[in-house]
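Note sheet for the following structure.
Throughout, a chain's letter reflects where its sequence line sits, starting with A, and its residues are numbered from 1. What you see below is based on every heavy atom in this structure, not just the backbone, and it leaves out hydrogens, waters and symmetry mates.
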Amino acid sequence: LECYTVAIGVLITESQMRRAKILVSEMEADGLVPDCVCYNTLINGWCEMGHMKEAVFLFEEMKMKNRQPTTAVYNTLIKGYGIIGRPDEGTRVLEHMTMMGGNNNTAKPNTRTFNMLINSWCKSKSIDQARRMLGLMWSAGVKPDVVTYNTLATAYADLGRFEDIENLIVEMKNSYLKPNRRTYGILIRCYCQEGMPEEGVELLENLKFEGLSPDLVALNTLMKAYTQPFDPVQVEKVFELMRKYGVKPDVATYSTIMNSWSSVGNVEEARMAFRKMEEEKVKADVMAYGILVKGYVRSGRLKEAECVLEEMRDNGVRANVVVYTNVIAGWCSQGDMKEAIRMFKTMVASGVQPTSYTYHKLIWGFSEARQPHIAQDILDAMNKQGITPD
RNA sequence: CCGCCUCGUGAACA
């Protein structure tokens, strides 16, 4: 019977899209014809879930109803292809857009079009392709903007190539584009990842010469760098910087600190940071609670982890997959599969869809608990739902 | 005039 419970997941978010569909038919029954913006909203929904067949279906339907797709609609499709890791398909969409130029040209590629394509290539780790798009952009007479460069900078940051980012910033200025706080935030992150947060501090200090003020995100980035491992002196320095620059620590700031404690199994410290956050009237969100849960789980205090879940409920914060899965994984590693399944049921009952990671934890738990048959049943249930077990 | 589409910080040792 556990297996039946396991089988309930998947349809949740899709059912929301179905509701949207129903809404549209109600709308049509009222004699209203969905326009491009309306269609694009729906298409975007499917795209963000990575369901391109549905997205394309709607796209075709839209054309069938004599709605000329706008640039935004094509942009959405390109984004969708990026999400499923198919920038090549996105590029084909772009070609299609330029192909049918002409007069009644409702779908001329714009800056966003290229930005999204560049982002897609970057996400599939092809910076060279992304840069090629930048070139194509110029020759298509579409001007890159700050977002374009920030997107590229992010890709370099992921590779730890801070020098390339610095060059990019020069390139921007040569094109009369002003780097913004995000641009520098990206660079700071890169410095931190490469083990040179002091560079980040210095950069922050120099922002004023660019007419920019240091912002919370950048400071949180620094905070993260100084909490792995936890460096009390530097952490205090970041707090000082925050005061100096007049920005208040937010939930991400405290989460960062809590996480460094939770990760090493020191829940007490994490809890203290949490309390401090509450004292500062900063409201906890899912992630903050999730970190706390992780802390309890990691020190084997599952009961208390579940108390946090109740705490969340009382404060109107809904737990998500990550939070639930952490608790489930906790019970699994204690070999208490009854509790694990109970948690799983609770999760599904509250409308939270398991991920494949959730299933893997369960499968692992059941096989460790010498109940491989149940593990097998879960695998079967997964296959039935078209979830890929890897 | 408005509604849809792109960029940086915190949670699953992916």
Testing B:C5, B:G8, B:G10 for proximity to the side chain of A:N44, the answer is B:C5

Could you please name the option among B:G10, B:U6, B:G8 that lies closest to any side-chain atom of A:A218?
B:G8

Under 4.0 Å, heavy atoms only, any strand: does A:D285 hit a base, just the sugar-phosphate, or nothing?
base

What integer number of Å spans the P atoms of B:A14 and B:G10?
14 Å

Out of B:C4, B:G10, B:C5, minimum distance to the side chain of A:R112 belongs to B:C5

Whole-Å distance between B:G8 P and A:L168 CG?
15 Å

Taking only side-chain nitrogens and oxygens of A:K79, does any of them come within less than 4.0 Å of OP1 or OP2 of B:U6?
yes

Taking A:G300's backbone N and O only, do any of them form a donor-acceptor pair with A:Q334's side chain (distance below 3.5 Å, no angle check)?
yes

Under 4.0 angstrom, heavy atoms only, what part of the nucleic acid is A:D35 near: base, sugar-phosphate, or nothing?
base

Any donor-acceptor N/O pair, A:S367 side chain to A:P372 backbone, under 3.5 Å
no

Under-4.0 Å side-chain N/O to phosphate OP1/OP2 contact, A:K361 with B:A12
no

Do side-chain atoms of A:S262 reach the backbone of A:I291 as a donor and acceptor pair under 3.5 angstrom?
yes

Ranking B:U6, B:G3, B:A12 by distance to the side chain of A:N119, first place goes to B:U6

Per A:A288 side chain, nearest of listed nucleotides B:G10, B:G8, B:A11:
B:G10

Can you find a donor-acceptor pair, distance only, under 3.5 Å between A:D215 side chain and B:G8 base?
yes

Does B:A12 have OP1 or OP2 under 4.0 Å away from a side-chain N or O of A:N320?
no

Looking only at side-chain atoms of A:R181, point me to the closest of B:A11, B:G8, B:C7.
B:G8

For B:G10, does the base pair up with any side-chain atom of A:T256 as donor and acceptor (N or O, under 3.5 Å, distance only)?
no

Identify whether any heavy atom of A:V251 sits under 4.0 Å from a base atom; if not, whether one sits that close to sugar-phosphate; answer base, sugar-phosphate or nothing.
base

Tell me: OH of A:Y74 to P of B:U6, nearest whole Å?
19 Å

Using the C1' atom as the reference point in each nucleotide, state the distance between B:C7 and B:A11 in Å, no decimals.
22 Å

Separation of atom CZ in A:F230 from atom P in B:G10, rounded to whole Å
17 Å

Over all strands shown, is A:S255 touching base, sugar-phosphate only, or nothing at heavy-atom distances under 4.0 angstrom?
base

Name the nucleic acid region contacted by A:A329, choosing base, sugar-phosphate or nothing; use a 4.0 angstrom heavy-atom cut-off, strictly under.
nothing

Testing the 3.5 Å rule here: is there a donor-acceptor pair between the side chains of A:E210 and A:Y184?
yes

What is the distance, to the nearest angstrom, from the CH2 atom on A:W261 to the P atom on B:A11?
17 Å

How many whole angstroms separate atom CG of A:L177 from atom P of B:U6?
20 Å

A:N315 side-chain N/O to A:V317 backbone N/O, donor-acceptor pair under 3.5 Å:
no

Looking only at side-chain atoms of A:N150, point me to the closest of B:G10, B:U9, B:C7.
B:C7

Using whole Å, report how far CH2 of A:W364 lies from P of B:C13.
12 Å

Is the phosphate of B:U9 approached by A:R189 (side-chain N or O, under 4.0 Å from OP1 or OP2)?
yes

Categorize A:T325 for me: base, sugar-phosphate, or nothing, with a 4.0 angstrom heavy-atom threshold over every strand shown.
base

Counting only side-chain N and O atoms of A:R298, is one of them less than 4.0 Å from OP1 or OP2 of B:C13?
yes

Rounded distance in Å - CE (A:M116) to P (B:C4):
14 Å

Could you check which of B:C7, B:A11, B:C4 has an atom nearest any side-chain atom of A:N40?
B:C4

Between A:F274 and A:Y289, does the ring centre distance come in under 6.0 Å?
yes

Are any of A:K224's side-chain N or O atoms less than 4.0 Å away from OP1 or OP2 of B:G10?
yes

Is the ring centre of A:Y74 less than 6.0 Å from the ring centre of A:F59?
yes

Counting side-chain heavy atoms from C-beta on, which of B:U9, B:U6, B:C7 comes nearest to A:N220?
B:U9

Whole angstrom is fine here: how far is it from CD in A:Q228 over to C1' in B:A11?
13 Å

